[in-house]
Amino acid sequence: MKVYQLVYISRATATFDNNALSSLLSKAKENNTKLNVTGNLVYNGGVFLQLLEGDQNTILTLFKKIETDPRHSKVKMIYFEPADFRLFTRWSMNMLNLECDKPKNLQVLKDIIDAIGEDKLLDGVSPPIKLLKEFAAIT
């Protein structure tokens, strides 16, 4: 099976506290395990930035569901390409809440979200590629 990676950004339509994010993560892990999908979700002040990995059709079908999910607005696919390997082999879904979690690359992740919103390069690299490199460094 050829693995595809999809990165999207969206805005939450309501505030997500820690309980809501935990519930979202739990359901995503359950669903993704069934679909053989892996990935990582970053939440920052009402913005979701997510990388999904899996079969091309499965990922596209899942993205269509996300686009119509009432918890999301302004959903924008920013990257969809085949990959040589999965970045997240250990997780059906991981989550970083940048409001609580303080990964060592916190500022870089925030800069990536800002660069996507401003449609600009980050250190001469497109934000999705920079995100993939950051995720690769932490897996």
**Message:** Filter on side-chain hydrogen bond (donor to acceptor under 3.5 Å, both in side chains), then keep only pairs touching residues 12-24, sequence neighbours left out; what's left?
**Reply:**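 Found N18-N97.
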
Nearest atoms (heavy-atom pairs only) where [X] meets [Y]:
X    : Y    : value
N94  : L25  : C-CD1, 4.1 Å
G54  : R86  : CA-NH2, 3.8 Å
L106 : L98  : CD1-CD2, 3.6 Å
M93  : N32  : CE-ND2, 3.2 Å
G46  : E99  : N-OE2, 4.2 Å
I116 : P127 : CG1-CB, 3.4 Å

**Item:** With sequence neighbours excluded, residues passing side chain to side chain donor-acceptor pair (under 3.5 Å) with R11
**Value:**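 Per chain and number, R11 pairs via side chain to side chain donor-acceptor pair (under 3.5 Å) with no residue.
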
**Message:** Could you work out, with side chain to side chain donor-acceptor pair (under 3.5 Å) as the rule, every residue matching E53, not counting sequence neighbours?
**Reply:** Q5, T38

**Sequence-distant partners of Y79, ring-ring contact (aromatic ring centres under 6.0 Å, His included), two or more places apart** = none

Consider only side-chain heavy atoms of I, L, V, M, F, W and Y, link residues closer than 4.5 Å, and tell whether [X] and [Y] are in one cluster.
X    : Y   : result
L62  : V3  : no
V37  : W91 : no
L109 : L6  : no
I59  : I78 : no
L87  : L52 : no

**Message:** Under the rule for salt bridge (charged side-chain N to carboxylate O under 4.0 Å, His left out), what residues qualify as partners of K110, not counting sequence neighbours?
**Reply:**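 Listed in chain order: nothing, the list is empty.
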
**Message:** Just to verify, what does D119 make a salt bridge (charged side-chain N to carboxylate O under 4.0 Å, His left out) with, not counting sequence neighbours?
**Reply:** none

**Mutual orientation of the aromatic rings belonging to Y4 and F80 [parallel < 30°, tilted 30-60°, perpendicular > 60°]** = parallel

**Prompt:** Y43 vs F48 aromatic rings, parallel, tilted or perpendicular, using cut-offs 30° and 60°?
**Reply:** tilted

Rounded to the nearest 0.5 Å, how far apart are [atom1] of [X] and [atom2] of [Y]?
X    : Y    : atom1 : atom2 : answer
E134 : L96  : CD    : CG    : 11.0 Å
L35  : T61  : CG    : OG1   : 9.0 Å
S92  : K34  : OG    : NZ    : 11.5 Å
L51  : L131 : CG    : CG    : 6.5 Å

**Request:** Report the C-alpha distance between I112 and L122 in whole Å, list the side-chain angles of each, state the deciding distance to 0.1 Å, and finish with yes or no for side-chain contact (heavy atoms from CB on, under 4.5 Å).
**Result:** CA-CA 7 Å; I112 290 168; L122 192 61; 3.5 Å; yes

**Request:** For V108 and K130, run side-chain contact (heavy atoms from CB on, under 4.5 Å): C-alpha distance rounded to whole Å, both residues' side-chain angles, the deciding distance at 0.1 Å, then the answer.
**Result:** CA-CA 9 Å; V108 174; K130 181 83 171 170; 4.0 Å; yes

**Request:** Inspect the contact between E67 and K64 and indicate whether a charged nitrogen and a carboxylate oxygen are less than 4.0 angstrom apart.
**Result:** no

**Request:** Decide yes or no on side-chain contact (heavy atoms from CB on, under 4.5 Å) for M77 and L60, but give the supporting numbers first.
**Result:** CA-CA 10 Å; M77 183 189 307; L60 288 174; 4.3 Å; yes

**Item:** side-chain contact (heavy atoms from CB on, under 4.5 Å) assessment of I113 paired with V42
**Value:** CA-CA 9 Å; I113 291 169; V42 177; 4.2 Å; yes

